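What follows is a single structure, written as structure tokens, with notes after it.
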Amino acid sequence: MGEVSLSAKSKFPLGDEAPLNAKLLVAFSPVFMLVVVIAVRGGVNNILGVLVNELNAMAYYSIALLILNIASAIASPLAGSLGDIFGRKRVAIWSLIPFTLSLVLCGVAHNTAVLLAAFFLLGFTYALCQSIVATMIADVVSGKARAQLLGWRHSAGQAAIMLGPVLLGLLSDHLNARTTFLVIAPIGLVSLLLIIFLFPDIRYHSGNTKIDWAGTIFLTLAMGPITFLLSMGGEQIPWMSAQSFVMAAVSVASIFLFVRAERRASNPIISPELFQYRGFAPVLIYKGLMNTSGSLTTSYLVLFAQTIIGFSATQTGAFSMARIASIVCSIFVGQWIGQKKMYRGSFLISSLLTIVAIAILITINQNSTFVIIFAALILTYAGISFGTVPCSLLPAIILPAEQRGVGLGAVWFAENVATTVSTAVYALVINLCGGDIVNSYKYLVLTFLGFTAIRLIMQFTSFGGLKKIEKNLESA
């Protein structure tokens, strides 16, 4: 165990003394993979309506989104286990092949069954690729460069989120949605070749090659029914129906069975041993809470702006340009933490920026201007950056190398679960308000405020242990 060499002359991770060109070269292929999968995933949200409309299946719009999110939530912790067992390079290769296949299936789909199957495959493989990128970088680069490259990784991801919807939207307007998927499919093969030829085959192998299939099954059953129930309860599914009780019972029972399976598994999806390392559990929770902003800012705020304020799709599409704040801040935060080790300060700034953004969001009404909404989004995305970068760095510091992949996979799992569940919770708020975005908007923002308040409380309680970590890093 320990550092693994690609050859007699090449050892990883590359330290501060290694040439910058070598570090950039070895980190390029995973970052490029991240850009590809995020751009496609973000673009799917933009053209999903066009795609299902081509198949005369608008009723399946919400179901397709849920399937994407649930598949991602299931795959994210599995990526860490697979990476620790087989190596991150192999997982990337095994993921990019079906990822590309899912794009082809979306392009040739002529019925909803094929489309939903393709979306599950897309969501699953997207999460596998996304979840291992930070660990791939942490495996090959150490020291100050690790923090800086992880900051660049986040910035590249934000750029992909901005450009993906625009690119796929343009292709869809000039071609059609299904042809668009066929046109972009080859880029998955390009990413595959880069991983094969540029990234070293590194494994921190514990000797345990058993995968936790029981945990995966129970996790699926725990996530699926309750998420669909929260999203459709009161509308498509009556709250007091037998179907609702069965769905709730299956999810609750599966949660307990999942916890039991993880305690017994020799190589669990989310190892209980991870939580013995002080600071890991708060990072996991904080990362999840931070991602509750996604559904509000990318879905419901856009819906409110289009239907109530009267913004055009072009205007709401320009909201994604606010992510420039995240790109700039991520670079700064990566360098700042790399030099000053100010993890607690970064978390505090993240929470405070989000609260200021919420103060603006809650004032938005039918007379609000583009500038006001754009300002709120800039603050929101800046806050996300100040929280995301330390959440990516801390597991690599807190956890030993052989558990790093599982730990970072668990962090991305928290992100995907939070995105899925918060989407369902926001849908529930709308349903409780009669399905009217006008009456429910302020309650949606207040729900987001509740999530953020928990983050702020954690800053002064659960993150107290980070002070010792920061002191150890300064003396190292």
Side-chain angles (χ1 to χ4, degrees), residues 29-58 60-76 78-79 82 89-133 156-157 159-196 298 320 412 416 419:
S29 57
V31 172
F32 183 83
M33 178 178 70
L34 181 73
V35 169
V36 169
V37 297
I38 288 183
V40 171
R41 180 63 180 84
V44 166
N45 285 341
N46 191 36
I47 67 172
L48 177 58
V50 179
L51 179 61
V52 295
N53 187 55
E54 289 179 4
L55 297 175
N56 296 316
M58 281 300 295
Y60 289 89
Y61 180 89
S62 296
I63 295 176
L65 280 178
L66 280 174
I67 287 176
L68 274 170
N69 289 331
I70 291 172
S72 296
I74 295 169
S76 52
L78 194 60
L82 292 172
K89 180 173 183 173
R90 289 175 174 84
V91 174
I93 292 172
W94 296 341
S95 301
L96 284 169
I97 294 173
F99 176 82
T100 305
L101 175 61
S102 71
L103 299 181
V104 176
L105 287 175
C106 287
V108 300
H110 291 287
N111 57 66
T112 53
V114 175
L115 179 65
L116 295 179
F119 268 41
F120 183 87
L121 187 61
L122 175 62
F124 194 88
T125 53
Y126 154 77
L128 287 177
C129 293
Q130 181 211 31
S131 299
I132 62 173
V133 170
I161 293 175
M162 292 170 54
L163 298 176
V166 176
L167 176 61
L168 269 67
L170 287 173
L171 289 173
S172 180
D173 288 341
H174 289 85
L175 303 171
N176 59 55
R178 281 179 288 179
T179 303
T180 295
F181 282 101
L182 295 176
V183 170
I184 65 174
I187 199 170
L189 296 178
V190 173
S191 181
L192 175 64
L193 292 174
L194 289 175
I195 292 292
I196 291 174
T298 62
S320 65
W412 294 117
N416 286 308
T419 300

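Worth saying up front: this structure is predicted, and the values here are computed from it rather than measured.
Leu96 and Cys129 make their closest contact through CD2-SG, 4.0 Å (heavy atoms, listed as atom of the first residue, atom of the second, distance). Shortest non-hydrogen contact noted between Ser191 and Val36 is CB-CG2, 4.3 Å. Heavy-atom minimum distance, Lys89 versus Ile195: CE-O, 3.3 Å. In terms of heavy atoms, Cys106 sits closest to Leu115 at SG-CD1, 4.4 Å. For Thr100 against Ala185, the heavy-atom pair with the smallest separation is CG2-O, 3.3 Å. Taking every heavy atom of both residues into account, Phe124 and Ala75 meet most closely at O-CB, 3.2 Å.
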* Asked: Could you walk me through whether Leu182 and Leu103 pass the side-chain contact (heavy atoms from CB on, under 4.5 Å) check?
  -> CA-CA 7 Å; Leu182 295 176; Leu103 299 181; over 6 Å; no
* Test Asn111 against Val114 for side-chain contact (heavy atoms from CB on, under 4.5 Å), laying out the working first. => CA-CA 6 Å; Asn111 57 66; Val114 175; 3.3 Å; yes
* To do: Run the numbers on Phe181 and Val108 for side-chain contact (heavy atoms from CB on, under 4.5 Å), then give the verdict.
  => CA-CA 9 Å; Phe181 282 101; Val108 300; over 6 Å; no
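Once rounded to the nearest 0.5 Å, the distance linking CD1 of Ile187 with CG of Leu167 reads 8.0 Å. Atom CG of Leu116 is separated from atom CG of Leu105 by 12.0 Å, given to the nearest 0.5 angstrom. Between the CZ atom of Phe119 and the CG atom of Leu68 there is a distance of 5.5 Å, given to the nearest 0.5 Å. A distance of 10.0 Å separates CZ of Phe32 from CG of Leu193, quoted to the nearest 0.5 Å.
A side-chain donor from one of Asn176 and Thr179 sits under 3.5 Å from a side-chain acceptor of the other.
Distance alone, capped at 3.5 Å, places no donor-acceptor pair between the Arg41 side chain and the Gly123 backbone. The closest donor-acceptor contact from the side chain of Ser102 to the backbone of Phe99 lies under 3.5 Å. Put simply, the side chain of Gln130 never gets that close to the backbone of Val37: no donor and acceptor are under 3.5 Å apart.
Contact annotation: the side chain of Leu55 approaches that of Arg178 to within less than 4.5 Å [non-hydrogen atoms, C-beta and beyond]. Residues Leu128 and Ile132 fail the side-chain proximity criterion, which asks for heavy atoms closer than 4.5 Å.
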